Amino acid sequence: MMLSDNAPTRDALLDARRVELTREAGSEPARRLCAAVASLSEPHLGQQRVIGRAGRSRLQGDIGTILADLLRQSFRDHLSAAARGHASPMWESSIMGRKRFWGRVDAMAGAGLVGVRAGLRVLASVQWEEGGDTDYSGAPAVLWPTGALLEMAATKGVTAETVGVDWRISPAAETRAPAIAVDDLVRCVVAATVPVARGGARSARPRKRMIPAILTPAQTEEKDAIRARVAALNARVAAVDIRGCRAPAFRRNFRPSLQLGGRLYSVGTGHYQAMSKADRADITINGEPVVEIDIHAAHLSIFLALTGTTKLPKGDLYTRVGLPRDVVKAWCVQTFGAGKHLSQWARNTADVVRATPIVVVKEAVLSTYPALRSLGTVVPASVLADLPEGAGPVAGQYLVYRESGIIEGAMDYLVAHGVVGLPVHDSIIVAKGAEWLAREGLDGASLTSLGVALRLGAAEGP
């Protein structure tokens, strides 16, 4: 973001990216920078004082892990975020502990190298990360490199152009998968308003929270079967040598019923699903480069198939609308996510998308795909009948459910052929030699589920 010493805006604070703490210095310039920052920070460590050569080496390693996040995000115009409180779930799966992390950060701040801003309290909305790692009313503390740190990095040769080689995934991250309790392998949650204890007394202002949904005995039995499949997937993935990302471990999230949502989420800070496609291309499976096969315009394609389309139109489904592809895709993603037509763009929408009025995009998309005028018709009556009161529009979550079923079916096909695939919501990562199996699996699963063969994107990888 190159904020240097300027105070961040509220939007920048809310758009901060959570620290991953999965990388280490991977080049000589980066190691020199770590040594210099550690030397300047050491006098400010307080009780976390350094003892001996081993202690200094550990300090430099910790500094490198933190700098990897701060500089990578800053060069991509983002702040970094991390919870101050020990109760935050992010620390349960973090490679570096909360106390050690904040001790190092506060020392760097004392040396004038890092800016820190307390988190924001956001009372009016539910904060929920689909990966299941956060449930809080507010935004965590944010941190960023000051001008002095950015200048020091530049003098050492660490710049936005070299960031790809300056920081690499650490061996600790590649080999240490997050631990997930058996009972937590599957979550089915519902939004609810609950009182919050504050200072020993219940708050007069109740807040939104995600709480476990109440399931019938039959639904509980189904949940147990899903849990067994997730546990089996985790066991298979753990037996494979996966490098270039945090060791994967999965949880499946539904809301607010077992027929809504259902994606497989890799948990823990720095998991591969949160990486960019370019970074995921560096993953290897058993030493082999990978490819990522995705479903083209997944939710739009599935919606069309569920509303009577027996053969998808030729070409890119987004560009057919006649507006810039990114604009149409943003409208579809936001509309399906909300389960309803929106009257304004979401707060974090890119300026290049905002330049086109949302009403113009809406009319263009609906003219091209008239079935989208009635989003709710895609949800079966049996699903609607089981919804808790106040559940709101669920068309988007139902599309996620159908998408997750296709991905699961394709992964089962891979397993039958002795191949492990890594899901990324609407795509699957496999070793390059198994690309054709992944394509066969996705084709077969979509035909079985929808009666329509969904279009697959081109392979992405080396």
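Both backbone and side-chain heavy atoms feed into the values below; hydrogens, waters and symmetry mates do not. All values derive from a computational prediction rather than experimental measurement.
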Donor-acceptor pairs are to be reported for all side-chain atoms of residues 371-381 against protein atoms at under 3.5 Å, with residues two or more places apart or in another chain.
from: T377; atom 1: OG1; to: S374; atom 2: O; distance (Å): 2.7

Could you work out, with side chain to side chain contact (heavy atoms under 4.5 Å, CB included) as the rule, every residue matching P393, not counting sequence neighbours? K340
Do D443 and R455 sit within salt-bridge range, that is, some charged N less than 4.0 Å from a carboxylate O? no
Is there a ring pair (Phe, Tyr, Trp, His ring centres under 6.0 Å) between H271 and Y265? Walk through the geometry before answering. CA-CA 9 Å; H271 59 80; Y265 289 92; 8.0 Å; no
Got a sec, which residues hit side chain to side chain contact (heavy atoms under 4.5 Å, CB included) with R227, two or more places apart in sequence or on another chain? V182, L185, V186, K223, D224
Salt bridge (Lys or Arg N to Asp or Glu O under 4.0 Å) against E408, all qualifying residues, sequence neighbours excluded: R229, R252
Under 4.0 Å between a side-chain nitrogen and a carboxylate oxygen: does that hold for D62 and R100? yes
Side chain to side chain contact (heavy atoms under 4.5 Å, CB included) between L450 and I406, worked out: CA-CA 9 Å; L450 304 170; I406 293 169; 3.8 Å; yes
So, are R72 and E20 salt-bridged, with charged N and O less than 4.0 Å apart? no
Sorted by chain and number, sequence neighbours left out, ring-ring contact (aromatic ring centres under 6.0 Å, His included) with F101 holds for W91
Check E174 with R246, please: is the shortest side-chain N to carboxylate O separation under 4.0 Å? no
Just to verify, what does R354 make a side chain to side chain contact (heavy atoms under 4.5 Å, CB included) with, not counting sequence neighbours? W345, T349, D351
Stepwise, does the side chain to side chain contact (heavy atoms under 4.5 Å, CB included) test hold for M108 with V37? CA-CA 7 Å; M108 294 164 71; V37 172; 4.0 Å; yes
